[in-house]
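This report refers to the structure that appears directly beneath it.
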Amino acid sequence: MRSLFVLEGSIEMAAEDKSQKLEMMRHSASHIMAEAVKSLFPEAKFAIGPAIEDGFYYDFDLTRSLAAEDLPAIEARMKEIIAANTPFTHEEISAKEALKLFAGQPYKVELINDLAEDKVSIYKQGGFTDLCRGPHIKASGEIKAFKLTSVAGAYWRGDEKRPMLQRIYGVAFAKQADLDEYLQRIAEAAKRDHRKLGKELDLFSLHEEAGPGLVYWHPRGAMVRQIIEDFWKVEHRRRGYDIVYSPHIAKVHLWETSGHWNFYRDNMYSPMVIDEIQYVIKPMNCPFHILMYKTQLRSYRNLPMRYAELGTVYRYERSGVLHGLARVRGFTQDDAHIFCRPDQLEAEVKDVVELAQFMMKSFGFEEYEMMLSTRPEKYTGTLESWDMATAALRNVLEKLQIKYQVDPGEGVFYGPKIDIKLKDALGRTWQGPTIQVDFQLPERFDVNYVGEDGHEHRTVMIHRTVLGSMERFFACLTEHYAGAFPLWLAPVQTVLIPIADRHVDYAAKLLAEMRARDIRAQLDERSERMNLKIREAQLNKIPYMLIVGDKEVENGTVSVRMRNGEDLGSLSFSGFLERIESLIKSRELAKL
RNA sequence: GCCAGCGUAGCUCAGUGGUAGAGCAGCUGUUUCGUAAACAGCUGGUCGCGAGUUCGACUCUCGCCGCUGGCUCCA
């Protein structure tokens, strides 16, 4: 339908909103790229080429591998096509004709057959014809600003068992200024990459020789983590969670009971043998919490019970997917398992969703996506229980009037879930908080409570994290603030900078006072120039620099400089303490 | 795991078929200074690992490991 508007001209076009127009232009750019590839690689087989956020891609099957060096030639050819302003024409032809037309194009043939329609839509521009629903721009000259950005492998139809194609990514905008702005933004984003900042700010490291995907938290990164964890613990106690600790390994038998050995084995490490019994390192904490729950007969009066644990788990991740702290092989989940009655499920889910929102807000994340993930292909349990759990999750989202998207088939094997996705500096999304209903584990472990009627009933379980994992959350947090952590999270909150060696004694007194008050302060007592100390403190993104010289020693003051360069001038030390303590207490999030 | 690219000093990077350089960092000395880098000297690398080609490999070839961008998969 939309394609008709385009063909009919400008009146309807004006009604189309800007983003649709951009999307159409990007989609058209992918066709033009395909045409360029066709002229440079006549033997190319074409797969698909949609518009995506900021741009487009097209997947090709070529006789040789593309490298980044091939892009300029393709771009140049595209520019010729655009300069020629060749029209896009639309046609509806019979599937039979289409099969003939795309005879040498196996991927197109597959698409036509899968469509199973009598008529298919095709678009033609210059020397390139594509099977396509459209709509498209009127002529290639409408592409104003584009750039090819990268080449990558991509499986045909996203299936790793099918051929790997070569994908070329590009970006396209309505005008050159927008493209320039985009490229600028990407360059800026690269500067806040947590992997880069992790090194620069001495937050963490990973070691090839010790094993990929295993994280070493340096003192400063560890400090931030401790603050997050302390905050997390307090907020959980307040909400009726009990904090627990569990071991790191368990007998394979336990994982057989839980079903992980069947459904999750690909992500689990090989067993180790202890006294002739096989043990594996835990990929999840749930079975452990269940064992604790089951140590007593539980009454309906005691439910819900909420076991929370900062539980470190190890999962095998294929080598190609590891990514700094955002995707690792050993990580600590801010996990909890809620054991409740079916009638409590919805209220519990609601509390968890609200807690997750509170956490996001506390750490300054304003933008995140809520996803409702439904039943996957591989699953345990009955359809009825899946429907019931899914409905409970949906109800909570609706009642809280939260905007969410449905991710069909993305649930875990034991139940549906609500996920919160956080964005990194480059706009890639990472799954953070997750709330998963589980009717299966209680069955497998025979988890019960004694009801009002004196009989045993099946307990319902909720798995949930409200940050995700410490590693991934810390990665996103670092990128969100470009390493300039808010005052309450900053590993070093203030640094004392004596101007000359004779000021060190005074500075040391202030240091002791601040440390006594739990302010994370440091003293830079090196015999270096003040300018150097300021520069280094600035590069380390330390929120407050306290410069002390003759004047300050004499008056009992500090000269306060903030990391954004702002000079607050001379403050009485007590005045400064008052200021910083109140900002820390309020968990101020200002980005300085 | 798959496709492509990359791997040189602690960091950021230059370099060549004839056995390696810069800046910063580090160390030593001098300097004691008012809001983003004082000055001088010194140290530092089996050029990711292992084979192969070659008179000779950091450079060319192959394999492996790791990293980067994607794909698949997931907190």
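Below, chains carry the letters A, B, ... as their sequence lines are ordered, and counting in each starts from 1.
- Cation-pi geometry between A/Arg327 and A/Trp430 is not met: the NZ or CZ atom fails to fall both under 6.0 Å from the ring centre and inside 45° of the normal.
- A 3.5 Å limit on both hydrogen-bonding distances identifies no Watson-Crick or G-U partner for B/C58.
- Both the sub-6.0 Å distance and the 45° axial angle are not jointly satisfied by A/Arg579 relative to the ring of A/Phe576.
- Atom P of nucleotide B/C33 and atom CE of A/Met530 are separated by 11 Å, given to the nearest angstrom.
- Residues A/Tyr216 and A/His207 bring their aromatic ring centres within 6.0 Å.
- Side-chain contact between A/Thr557 and A/Phe573 is absent, with no heavy-atom pair separated by less than 4.5 Å.
- Considering every non-hydrogen atom in both A/Gly411 and A/Pro376, the closest pair reads O-CG, 3.3 Å.
- In this structure, A/Leu66 reaches the sugar-phosphate backbone alone: every heavy-atom distance under 4.0 Å involves primed, P, OP1 or OP2 atoms, never a base.
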Between the protein and nucleotides 8-15 of chain B, are there any N/O to N/O pairs under 3.5 Å, and if so, what are the atom names and distances?
| residue | atom | partner | partner atom | Å |
| --- | --- | --- | --- | --- |
| B/U12 | OP1 | A/Lys199 | NZ | 3.3 |

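- On the P atoms, B/U12 is 26 Å away from B/C71, given to the nearest whole Å.
- Comparing the C1' positions of B/G15 and B/A51 gives an interatomic distance of 26 Å, to the nearest angstrom.
- Both distances falling under 3.5 Å, in either a Watson-Crick or a G-U wobble arrangement, occur for no nucleotide opposite B/G34.
- Ring geometry, A/Phe288 versus A/Trp255: the interplanar angle falls from 30° to 60°, so the pair is classed tilted.
- A straight line from CZ of A/Arg529 to P of B/C33 spans 11 Å, rounded to a whole angstrom.
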Dump every N/O contact between nucleotides 24-29 of chain B and the protein below 3.5 Å, one line per pair.
none

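- Under the 6.0 Å distance and 45° angle rule, A/Lys45 does not count as a cation-pi partner of A/Tyr107.
- Among the atoms of the strands shown, base atoms are found under 4.0 Å from some heavy atom of A/Asp501.
- Rounding to the nearest 0.5 Å places CZ of A/Phe231 at 10.0 Å from NE2 of A/His236.
- Within 4.0 Å (heavy atoms only), A/Ile497 reaches no atom of the nucleic acid at all.
- For the P atom pair drawn from B/G41 and B/A25, the interatomic distance equals 15 Å after rounding to whole Å.
- Of the candidates B/G34, B/U32, B/G5, the closest approach to any side-chain atom of A/Glu552 belongs to B/G34.
- Separating the CD atom of A/Gln538 from the C1' atom of B/G34 is a distance of 16 Å, rounded to the nearest angstrom.
- A/Pro50 is not listed as a side-chain neighbour of A/Phe56, based on a closest heavy-atom distance of 4.5 Å or more.
- Straight-line distance between the P atoms of B/G44 and B/A9: roughly 15 Å, to the nearest whole Å.
- Between A/Gln166 and A/Gly324, the residue anchored nearer the 5' end of RNA chain B, judged by the nucleotide with its closest heavy atom, is A/Gln166.
- Here A/Phe474 lies out of heavy-atom contact (under 4.0 Å) with every strand.
- The pair A/Glu479-A/Arg195 does not count as a salt bridge, with every side-chain nitrogen at least 4.0 angstrom from each carboxylate oxygen.
- Cation-pi geometry between A/Arg239 and A/Phe358 is met: the NZ or CZ atom falls under 6.0 Å from the ring centre, inside 45° of the normal.
- Pairing for B/G10 is with B/C24, a Watson-Crick or G-U wobble pair whose two hydrogen-bonding atom distances lie under 3.5 Å.
- In this structure, CE of A/Met545 is placed 14 Å from C1' of B/G34, rounded to the nearest angstrom.
- Rounded to a whole Å, the CG atom of A/Asn540 is 12 Å from the C1' atom of B/A36.
- Taking only side-chain nitrogens and oxygens, A/Arg561 never comes nearer than 4.0 Å to OP1 or OP2 of B/G34.
- Among B/U31, B/G34, B/G5, the nucleotide with an atom closest to any side-chain atom of A/Ala67 is B/G5.
- Atom pair A/Lys533:NZ and B/A38:P shows a separation of 11 Å (rounding to whole Å applied).
- Atoms CD (A/Glu528) and P (B/C39) sit 11 Å apart, rounded to a whole Å.
- One finds the CG atom of A/Leu393 at 10.0 Å from the OH atom of A/Tyr404 (value rounded to the nearest 0.5 Å).
- Nucleotides B/U43 and B/G48, compared at atom C1', are 24 Å apart to the nearest Å.
- Within the cation-pi definition used here (under 6.0 Å to the ring centroid, within 45° of the axis), A/Arg26 qualifies as a partner of A/Phe173.
- Put simply, A/Arg195 has a side-chain N or O that comes within less than 4.0 Å of OP1 or OP2 on B/G69.
- For the P atom pair drawn from B/U16 and B/C6, the interatomic distance equals 15 Å after rounding to whole Å.
- For B/U19 and B/C47, the P atoms lie 14 Å apart once the distance is rounded to whole Å.
- When Watson-Crick and G-U wobble pairs are counted only if both distances are under 3.5 Å, B/A4 pairs with B/U68.
- Using a cut-off of 4.0 Å between Lys/Arg side-chain N and Asp/Glu carboxylate O, A/Arg185 and A/Asp54 are scored as salt-bridged.
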Protein heavy-atom contacts under 4.0 Å, written 5' to 3' over nucleotides 70-75 of chain B as B (base), S (sugar-phosphate only) or - (none), form the string BBBBBB
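- Nucleotides B/C60 and B/G18 are separated by 12 Å at their P atoms, to the nearest Å.
- Atom P of nucleotide B/C3 and atom CD1 of A/Ile168 are separated by 18 Å, given to the nearest angstrom.
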